[in-house]
Structures are given as structure tokens and as C-alpha cells.
Amino acid sequence: MREAEASGPRIGFTVPRAIGKAVVRNRIKRRLREAVRGALDRLNPQWSIVINPRLRALQAPMTELQKEVERLFLRCSGS
């Protein structure tokens, strides 16, 4: 979702309870936050994105998560 006046890109995470207990959900969010942190400068400041990860994000190598985040941000920049 694009906003007219933005102070910077906003990224949110929603991890459903079906994925696991709070420890598992928080670990996934921490891993995704780190992956987003490296690519945040590539995203236009007008964007607000909510990422809803799957359980696979827990075991995926960090490089794979970073590539997926970069791919998402490139898709957002292209539209």
C-alpha cells in the first residue's frame, strides 16, 4: 500500500498462532527483521508492507530469506 506522505517505509510482520508458540513466532519475526534491515534502503519510503511468513522461514538459510525480501522489494519498486 502506498501512502501520499511517508516518513519512511513501514514493514510489519504477522505470524499466526497456528505456526507455533510465542517462542517460535518471535524467532521467525527476529529472523525476518534482520533480513529486512539489510534491504530496507532499496524500498521507496511511500510503502507500507505486512509480511505473513510461513513455518519454512524458521529453517530457511538466512541468505534465502534475504533474497526473498530483496525480490519483494524489487517488485514493489517496479510498480
Side-chain angles (χ1 to χ4, degrees):
M1 179 172 139
R2 290 187 186 182
E3 298 178 0
E5 297 178 28
S7 60
R10 298 185 314 169
I11 309 293
F13 304 99
T14 60
V15 184
R17 283 189 213 165
I19 286 187
K21 295 195 182 252
V23 173
V24 173
R25 297 192 313 262
N26 289 334
R27 185 174 297 144
I28 291 172
K29 286 189 270 189
R30 282 194 306 270
R31 294 188 83 219
L32 284 172
R33 255 188 244 119
E34 185 59 33
V36 165
R37 195 172 289 133
L40 199 56
D41 59 337
R42 295 182 185 98
L43 188 61
N44 191 333
Q46 297 174 337
W47 282 96
S48 294
I49 298 174
V50 176
I51 298 174
N52 188 356
R54 304 286 182 250
L55 183 59
R56 209 170 357 153
L58 186 60
Q59 278 91 24
M62 200 58 186
T63 55
E64 186 178 333
L65 285 177
Q66 291 167 338
K67 285 179 186 177
E68 289 297 320
V69 167
E70 287 178 14
R71 195 177 73 142
L72 170 67
F73 288 177
L74 283 174
R75 283 183 61 191
C76 292
S77 297
S79 59

Is there a side-chain contact between L43 and I11 (heavy atoms, below 4.5 Å)?
->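 L43 reaches I11 side chain to side chain.
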Do P16 and N52 have side-chain heavy atoms sitting under 4.5 Å apart?
-> yes
Spacing of [X] atom [atom1] and [Y] atom [atom2] [to the nearest 0.5 Å]:
{"X": "N44", "Y": "C76", "atom1": "CG", "atom2": "SG", "result": "9.5 Å"}
{"X": "L40", "Y": "W47", "atom1": "CG", "atom2": "CH2", "result": "14.0 Å"}
{"X": "R30", "Y": "E34", "atom1": "CZ", "atom2": "CD", "result": "11.5 Å"}
{"X": "L72", "Y": "I49", "atom1": "CG", "atom2": "CD1", "result": "5.0 Å"}
{"X": "K29", "Y": "T14", "atom1": "NZ", "atom2": "OG1", "result": "9.0 Å"}
{"X": "Q59", "Y": "L65", "atom1": "CD", "atom2": "CG", "result": "10.5 Å"}

Please report the closest heavy-atom contact between M62 and A35, naming both atoms and the distance.
->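 Looking at all heavy atoms of both residues, the shortest contact is CE-N, 3.6 Å.
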Side chain of R31, backbone of A60: donor and acceptor closer than 3.5 Å?
->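 The answer is yes, because a donor-acceptor pair under 3.5 Å joins these two groups.
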Review item, side-chain donor-acceptor pairs of residues 19-28, under 3.5 Å, at least two apart:
{"unit_1": "R25", "atom_1": "NH1", "unit_2": "G20", "atom_2": "O", "d": "2.8"}
{"unit_1": "N26", "atom_1": "ND2", "unit_2": "A22", "atom_2": "O", "d": "3.2"}

Quick note, salt bridge (charged side-chain N to carboxylate O under 4.0 Å, His left out) partners involving residues 59-68, not counting sequence neighbours, are E68-R71
